[in-house]
Amino acid sequence: MRRITALVQAKAFEKAADFAGQAQGQHPDDLRFPQLRAHAFFELGDLSRAIATLEPVAKANPNDGPTQLSLADLYVRNNRRLEAEQVTRQLVTIEPKNADALNYLGYLLAERGQQLDEAIRLVRRALEIEPNNPNFLDSLGWAYYRRGDYVEAEKYLGPAAQQMPKNATIQEHLGDLHAKRGRWQDAVAAWSRALEGDGEQPNRAAIEKKINDARGKLR
């Protein structure tokens with residue numbers, strides 16, 4: 001496990017996938033190995049093999065949260081959002097107090113801009129379990145934003161952004177909220193933090209366009 005993790009951190013994804021496959025054969029009950037193998041394939045840009053690695057494991061282990069959520073995430077990245085929703089809904093049914101699953105499903109619906117009342121209920125349930133989780137606060141704020149309730153959205157996006165000032169996604173969400181409320185200088189600041197943030201690489205071109213448009217309004 002340590003060796004595979006070290007290879008992933010060193011971006012030696014081919015070797016990591018190979019070792020994880022060997023380990024999976026030797027220890028079929030340890031679900032960390034197929035998760036690592038799928039992650040390595042994803043990093044190599046082989047999304048099909050990543051999904052093929054996890055699908056049978058997820059089917060055989062429907063109550064394993066990390067495996068189910070990893071598969072759902074791969075479906076999202078492959079634009080198979082309905083399948084991601086199905087996987088996550090099944091997990092929520094099996095484990096109704098799985099905060100990560102509740103939040104993931106709520107965020108999926110919020111991103112889609114549909115069933116927003118359900119999205120809010122789901123994320124609120126997650127927050128009952130982990131009240132100050134900044135990722136959950138962001139999801140709830142984003143659901144309110146997508147519903148057009150900007151005052152309520154700010155109650156959650158603001159604290160989430162304070163807790164995670166370098167998270168690109170959260171900072172972009174906060175910037176979008178500021179823009180909707182006409183706070184162009186604050187929006188530019190948040191979007192600039194998004195460009196400098198950690199985690200997943202943001203859509204730089206889209207954020208830079210937002211910043212340029214906002215600066216045009218300021219002038």
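We're numbering straight along the sequence, starting at 1. As the structure is a prediction and not an experimental result, all values here were calculated from the model.
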Got a second to check how far [X]'s [atom1] is from [Y]'s [atom2], nearest 0.5 Å?
{"X": "Ile170", "Y": "Leu157", "atom1": "CD1", "atom2": "CG", "result": "8.5 Å"}
{"X": "Leu174", "Y": "Gln162", "atom1": "CG", "atom2": "CD", "result": "9.0 Å"}
{"X": "Arg89", "Y": "Leu122", "atom1": "CZ", "atom2": "CG", "result": "7.0 Å"}
{"X": "Glu85", "Y": "Gln114", "atom1": "CD", "atom2": "CD", "result": "9.0 Å"}
{"X": "Thr88", "Y": "Asn103", "atom1": "OG1", "atom2": "CG", "result": "10.5 Å"}

Would you call [X] and [Y] a salt bridge, taking side-chain N to carboxylate O under 4.0 Å as the test?
{"X": "Arg181", "Y": "Glu154", "value": "yes"}
{"X": "Asp176", "Y": "Lys180", "value": "no"}
{"X": "Arg77", "Y": "Asp73", "value": "yes"}
{"X": "Arg121", "Y": "Glu118", "value": "no"}

Taking only distance into account, with no hydrogens and no angle test, what donor-acceptor pairs under 3.5 Å do side-chain atoms of residues 47-60 form with protein atoms, sequence neighbours excluded?
unit_1: Thr53; atom_1: OG1; unit_2: Arg49; atom_2: O; d: 2.8
unit_1: Glu55; atom_1: OE2; unit_2: Tyr75; atom_2: OH; d: 2.6

Sequence neighbours left out, cut at 3.5 Å: what donor-acceptor pairs do the side chains of residues 9-29 make with other protein atoms?
unit_1: Asp18; atom_1: OD2; unit_2: Gln22; atom_2: NE2; d: 3.2

task = Side-chain contact test, heavy atoms from C-beta onward, threshold under 4.5 Å: evaluate it for Met1 versus Thr5 and give yes or no.
result = yes
inquiry  = Side-chain heavy atoms under 4.5 Å apart, restricted to Ile/Leu/Val/Met/Phe/Trp/Tyr: what other residues fall into the cluster of Leu82, or is it alone?
reply    = none
query = Using links of under 4.5 Å between side-chain heavy atoms of ILVMFWY residues, direct or through other members, which residues join Tyr144 in one cluster?
reply = Ile120, Val123, Leu127, Phe136, Leu137, Leu140, Tyr156
request  = Give a yes or no answer on whether the side chain of Arg146 reaches the backbone of Glu111 with a donor-acceptor pair at less than 3.5 Å.
outcome  = yes
query = Is there a donor-acceptor pair closer than 3.5 Å between any side-chain N or O of Asn61 and the backbone N or O of Asp64?
reply = no
Which residues share a salt bridge (charged side-chain N to carboxylate O under 4.0 Å, His left out) with Glu172, sequence neighbours left out = Lys210
remark   = Across all chains, not counting sequence neighbours, the ring pair (Phe, Tyr, Trp, His ring centres under 6.0 Å) partners of His173 are Trp142
